[in-house]
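Side chains are part of it too, since the values below use all heavy atoms of this structure and drop only hydrogens, waters and symmetry mates. Along the sequence shown, residues carry numbers from 1. All ligand and atom numbering here is 1-based and tracks the order in the structure.
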Amino acid sequence: MTERIDDIEKAAGTLRAGGLVAFPTETVYGLGANAEDAAAVSRIFQVKGRPPSHPLIVHIGGAAQLDDWVEDVPETARLLAERFWPGPLTLVLRRSRRVPYEATGGLETVAVRVPDHPVALALLAAFGGGVTAPSANRFGNVSPTAADHVRAELGDAVDFVLDGGLCAVGVESTIVDVTGEAPSILRPGGVTREDLEAALGRPLAVPSTSGVRVPGQHPSHYAPRARVVLVEPERVVAEAEVAQRQGRRVGVFLPPSLAGAPVEAHAAVAVPGSMDAYARGLYGFLRELDQRGCELIIASLPREEGLGLAIANRLRRAAGPRPERL
Ligand code: AMP
Ligand code: MG
């Protein structure tokens, strides 16, 4: 325990000195910088290879700090913060001048959330300010859900890595824009649309899959090295076997309905029946199939309700058209 407190202090010191700290949250690992240090925030973009126009999330230690970072907080935002923080919900609000444009991609709005992870909360308390952080991976790749994923992908580019074990939720936060007339979901994530609608007492717009307003909406994102192909669940085995016989190294996401079915493929993962467990395991499964040398991953989409909406969103992005880089 003393060691842990020591690590938190070291990490907070690194942030104060303008360094980058990777830290666990309940969603995925974040690559954090002092939100008010424009130079440190800019380094995040360099390390990730992320276009500077793509805004980051400012992580704060509690809902009471919200007014330090944003202006004009509507009642809806207070209600959602009260109900879901700490937790995997990010609110987009009007930025206060305290937030540099480097963190907002030049926008007049800022994304804010309170993470629900003891290590993240301890870091925020020790540091005292806001920590701006995207996921701690290179732009477009699979997000890290373990400290080892961060070390393997970013190595020495990060000044300090806090290890908080595996992330409990496993997919990124739900982003809700509360600046307009009606709140809208910009990215589905760890808080379900159904729970948000129950809290608000009204329906929310289904997230668009066409725009590129936020990075999570790029055609290819959350993508492993292997190409991802989505088919109907009952076609998974047949499609995998055809490709495998053509000499490709095929990885399969075997849906729960086919648990234990024999499949002729290079590697297979059994998709959990529970959406909580699937979300928690999703990025690890994609990494595992990459590590086992798969060139192609055949998967199907879960039902798009509850956490299934976020899982399906990530799988669609993973299967999306890729820029030349890939
Ligand atoms: P990441 O999870 O790594 O993609 O990083 C943070 C997410 O928050 C991205 O999807 C951003 O687009 C989103 N975000 C941050 N600030 C804003 C904003 N002002 N408006 C819309 N989305 C935002
Ligand atoms: Mg990301």
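Interface of Ile175 with ligand 1, defined as ligand atoms under 4.0 Å from a residue heavy atom, comprises 7 (C), 8 (O), 10 (O), 13 (C). Atom numbering of ligand 1 starts at 1 in the shown order; those under 4.0 Å from a heavy atom of Leu56 are 15 (C), 16 (N). Close contacts of ligand 1 with Arg187, meaning ligand atoms under 4.0 Å from a residue heavy atom, involve 1 (P), 2 (O), 4 (O), 7 (C), 10 (O). Close approach of ligand 1 to Pro134 is summarised as follows: ligand atoms under 4.0 Å from at least one heavy atom of the residue are 3 (O), 5 (O). For ligand 1, the atoms closer than 4.0 angstrom to any heavy atom of Ala111 are 14 (N), 15 (C), 16 (N), 17 (C). Those atoms of ligand 1 that come under 4.0 Å of a heavy atom in Ile57, given as number and element, are 6 (C), 7 (C), 8 (O).
The part of Arg50 lying near ligand 1 is the side chain, judged by heavy-atom distances below 4.0 Å. When heavy-atom distances to ligand 1 are checked against a 4.0 Å cut-off, Leu186 comes that close only through its side chain, counted from C-beta outward. When non-hydrogen atoms are compared, ligand 1 lies under 4.0 Å from the side chain of Leu107 (C-beta onward) but not from its backbone.
Listed for the Asp177 side chain is no donor-acceptor partner under 3.5 Å among the backbone atoms of Leu186. Of the possible donor and acceptor atoms, none in the side chain of Glu239 sits under 3.5 Å from a partner among the backbone N and O of Arg235. For Gln244 (side chain) and Val250 (main-chain N/O), a donor-acceptor pair under 3.5 Å exists by modelled atom type. Counting only distance, with no hydrogens or angles, the side chain of His266 and the backbone of Arg292 share a donor-acceptor pair below 3.5 Å. Without hydrogens or angle criteria, Arg248 side chain to Ala240 main chain gives no donor-acceptor distance under 3.5 Å.
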Donor-acceptor pairs under 3.5 angstrom involving side-chain atoms of residues 71-79: please list them, not counting sequence neighbours.
from: Asp72; atom 1: OD2; to: Arg94; atom 2: NE; distance (Å): 3.0
from: Arg78; atom 1: NH1; to: Asp67; atom 2: OD2; distance (Å): 3.1
from: Arg78; atom 1: NH2; to: Asp67; atom 2: OD1; distance (Å): 3.0

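Among Pro55, Ser135, Ser173, Ala133, the residue whose heavy atom lies closest to atom 14 (N) of ligand 1 is Pro55.
Under 2.8 Å from the Mg ion (ligand 2), one finds the following protein N/O/S atoms: Ser135 OG.
Nearest heavy-atom pair, Ala199 versus Phe84, reported as atom, atom and distance to 0.1 Å: CB-CE1, 3.8 Å.
For the pair Leu301/Leu230, a side-chain contact is recorded, criterion being any heavy-atom separation below 4.5 Å from C-beta on.
Within the cation-pi definition used here (under 6.0 Å to the ring centroid, within 45° of the axis), Arg95 does not qualify as a partner of Trp69. A cation-pi arrangement, defined by a distance under 6.0 Å to the six-membered ring centre and an angle within 45 degrees of its axis, is present between Arg314 and Tyr222.
The N/O atoms of Thr104, backbone and side chain alike, include none that comes under 3.5 Å of an N/O atom in ligand 1. Between His221 and ligand 1, a contact under 3.5 Å exists for no N or O pair. Between Lys48 and ligand 1, no N or O atom pair is found at a separation short of 3.5 Å.
Considering CD1 of Ile44 and CG of Leu31, their distance stands at 5.0 Å, rounded to 0.5 Å.
Ring centroid separation for the pair Phe23 and His59 comes in under the 6.0 Å cut-off.
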